[in-house]
Number of protein chains: 2
Amino acid sequence: MMEIFYRRSKEHGLKITPQRTAIYQELLKAKDHPTADVIYKRIVKKIPNISFDTVNRTLLTFSKIGITNVVEGYGQPKRYDPDIAVHHHFRCLQCNTIIDFHSKDYDSMAVPDEIKKQFTVINKKVVLEGLCNKCRRR
Amino acid sequence: MMEIFYRRSKEHGLKITPQRTAIYQELLKAKDHPTADVIYKRIVKKIPNISFDTVNRTLLTFSKIGITNVVEGYGQPKRYDPDIAVHHHFRCLQCNTIIDFHSKDYDSMAVPDEIKKQFTVINKKVVLEGLCNKCRRR
DNA sequence: AACTATATAGGAATTATTCCTATTTGTCAA
DNA sequence: TTGACAAATAGGAATAATTCCTATATAGTT
């Protein structure tokens with residue numbers, strides 16, 4: 001799994017630093033679409049003098065070279081997703097939890113011609129919004 | 001079109017103020033999914049002493065009572081959409097332009113049982129991402 | 001081992017959003 | 001129509017999120 005990290009970094013002329021390695025590993029472990037701040041807090045336990053800026057900058061860099069993604073949100077802090085395969089999201093409007101799910105039906109939906117003509121579509125996903133079980137009870 | 005604004009405000013016990021009326025009208029005119037700041041700058045020309053906070057707060061209130069929506073984004077400032085009918089978005093990864101489009105195929109996609117069981121789905125949309133024509137040329 | 005372009009730490013600056021409070025204003029009921 | 005009162009506003013301050021700046025350090029190459 002670190003494979004892709006080394007390969008893409010090379011391809012883009014990025015140096016493999018201990019900080020980047022740690023950030024990528026931490027991100028891979030994360031199942032909760034964490035913010036830069038959350039990742040920073042987890043990592044600072046291992047690398048006490050790492051700066052927030054490095055974590056933040058690195059996550060943006062990773063997103064640029066396509067080894068992680070910024071998750072769609074609504075103006076709250078950016079959240080990152082280490083799963084770069086096609087998948088879809090359910091998002092709770094109340095607590096902002098994001099749940100990944102897979103659906104072959106969704107994956108295979110055609111892009112309308114109208115859009116294809118005008119734009120280069122790189123990514124396609126379905127975003128469902130509503131209430132999760134916890135929030136529904138209230 | 002102001003109909004829904006008056007009705008929903010009543011339903012939620014919100015007062016009809018000149019500020020709210022102006023903000024709603026400005027939003028209705030907007031085709032560009034504007035930020036609170038953009039709306040503020042447009043409105044301050046008509047109501048010179050309106051405060052940014054009022055605009056911001058009002059837009060959030062409108063979203064809460066469902067007469068406008070916050071558009072999915074990636075940590076940039078919140079952007080608002082006066083179109084509350086079901087529709088879908090194409091978003092340019094480079095310049096962040098969001099284009100609305102409609103698709104009956106997308107509208108009619110079923111929500112997976114797996115999700116239905118666990119969550120109350122209120123909203124469903126397809127988000128396409130890629131490059132718009134302008135950005136593609138570079 | 002030395003060189004060089006890139007990356008980092010730390011802090012400052014900027015941007016976006018929310019909070020606080022005194023004052024004003026819709027709305028409702030008499 | 002008027003008074004009462006809860007709700008809303010303006011203005012500024014505070015907080016949160018992100019980005020920028022710069023001196024120093026380091027990965028990757030020669």
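All values below come from the heavy atoms of this structure, side chains included, with hydrogens, waters and symmetry mates left out. Sequence lines set the chain letters: A, B, ... in the order given, protein chains first and strands last, and positions in each chain run from 1.
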Send over the distance from [X] [atom1] to [N] [atom2], rounded to a whole Å.
{"X": "L59(B)", "N": "dT18(C)", "atom1": "CG", "atom2": "P", "value": "11 Å"}
{"X": "I65(A)", "N": "dA7(C)", "atom1": "CD1", "atom2": "C1'", "value": "14 Å"}
{"X": "R79(B)", "N": "dT17(C)", "atom1": "CZ", "atom2": "P", "value": "12 Å"}
{"X": "I47(A)", "N": "dA7(C)", "atom1": "CD1", "atom2": "P", "value": "16 Å"}
{"X": "K78(A)", "N": "dA16(C)", "atom1": "NZ", "atom2": "P", "value": "10 Å"}
{"X": "I43(A)", "N": "dT8(C)", "atom1": "CD1", "atom2": "P", "value": "11 Å"}
{"X": "K41(B)", "N": "dT15(C)", "atom1": "NZ", "atom2": "C1'", "value": "11 Å"}
{"X": "L14(B)", "N": "dT9(D)", "atom1": "CG", "atom2": "P", "value": "10 Å"}

Salt-bridge present ([X], [Y]; N to O < 4.0 Å):
{"X": "D81(B)", "Y": "K125(B)", "result": "no"}
{"X": "K117(B)", "Y": "D113(B)", "result": "no"}
{"X": "R91(B)", "Y": "D100(B)", "result": "no"}

**Asked** Without hydrogens or angle criteria, can the side chains of D107(A) and H87(A) be said to hold a donor-acceptor pair below 3.5 Å?
**Response**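 Distance-only check fails for D107(A) and H87(A).
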So, does S63(A) use its side chain to make a donor-acceptor pair with the main chain of L59(A) at under 3.5 Å?
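Side chain of S63(A) to backbone of L59(A), a donor-acceptor pair under 3.5 Å: yes, one is there.
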Using only atom types and a distance under 3.5 Å, with no angle test, would you say the side chain of R79(A) pairs donor to acceptor with the backbone of P34(A)?
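Side chain of R79(A) to backbone of P34(A), a donor-acceptor pair under 3.5 Å: no, none is there.
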Assign L60(B) to base, sugar-phosphate, or nothing according to its heavy-atom contacts below 4.0 angstrom with the strands shown.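 If one applies the 4.0 Å heavy-atom cut-off, L60(B) turns out to touch the sugar-phosphate alone, with no base involved.
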- Task: Considering just the side-chain nitrogens and oxygens of T17(A), establish if one lies under 4.0 Å of OP1 or OP2 belonging to dT8(C).
- Result: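 Yes.
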Q.
Quick check on dG26(C): is either OP1 or OP2 less than 4.0 Å from any side-chain nitrogen or oxygen of K10(B)?
A.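 Answer is no, no contact under 4.0 Å.
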Closest nucleotide of DNA chain C for D37(B) versus for P18(B): which of these residues is on the 5' side?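 Its nearest nucleotide lies further toward 5', so the answer is D37(B).
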### Message
I'd like to know if K15(A) reaches the base of dA5(C) with its side chain, counting only an N/O donor and acceptor under 3.5 Å.
### Response
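In this structure, the two groups form a donor-acceptor pair.
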Exercise. Taking the side chain as every heavy atom from C-beta outward, state whether K124(A) and M109(A) have any atom pair closer than 4.5 Å.
Key: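 K124(A) reaches M109(A) side chain to side chain.
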Taking for each residue the nucleotide of DNA chain D with the nearest heavy atom, is it T58(B) or N56(A) whose nucleotide lies nearer the 5' end?
->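 Looking at the nearest nucleotide for each, T58(B) comes out on the 5' side.
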Check this for me: E11(A), atom CD, are more than 12 non-hydrogen atoms of other residues, nucleotides or ligands nearer than 6.0 Å?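 Atom CD in E11(A) is packed in, count exceeds 12.
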Notebook entry, point to check: Given the rule in the ring pair (Phe, Tyr, Trp, His ring centres under 6.0 Å) test, do Y24(A) and F62(A) qualify, once you have shown the distances and angles that lead to the verdict?
Noted result: CA-CA 8 Å; Y24(A) 187 67; F62(A) 285 173; 5.7 Å; yes
Between the protein and nucleotides 10-12 of chain C, list the N/O to N/O atom pairs that are separated by less than 3.5 angstrom.
unit_1	atom_1	unit_2	atom_2	d
dG10(C)	OP2	N49(A)	O	3.0
dG10(C)	O6	D53(A)	OD2	3.3

Within residues 19-26 of chain A, residues whose heavy atoms come under 4.0 Å of DNA chain C
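Within this stretch, Q19(A), R20(A) sit under 4.0 Å of the strand.
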| request: Compare the minimum distances between each of dT19(D), dT18(C), dG28(D) and the side chain of I16(A), then state the nucleotide with the smallest one. | output: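 Closest nucleotide among those given: dG28(D).
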Please give the remaining members of the hydrophobic cluster of L93(A), linking ILVMFWY side chains under 4.5 Å, ordered by chain and number.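 Noted: L93(A) shares its cluster with L131(A), I122(B).
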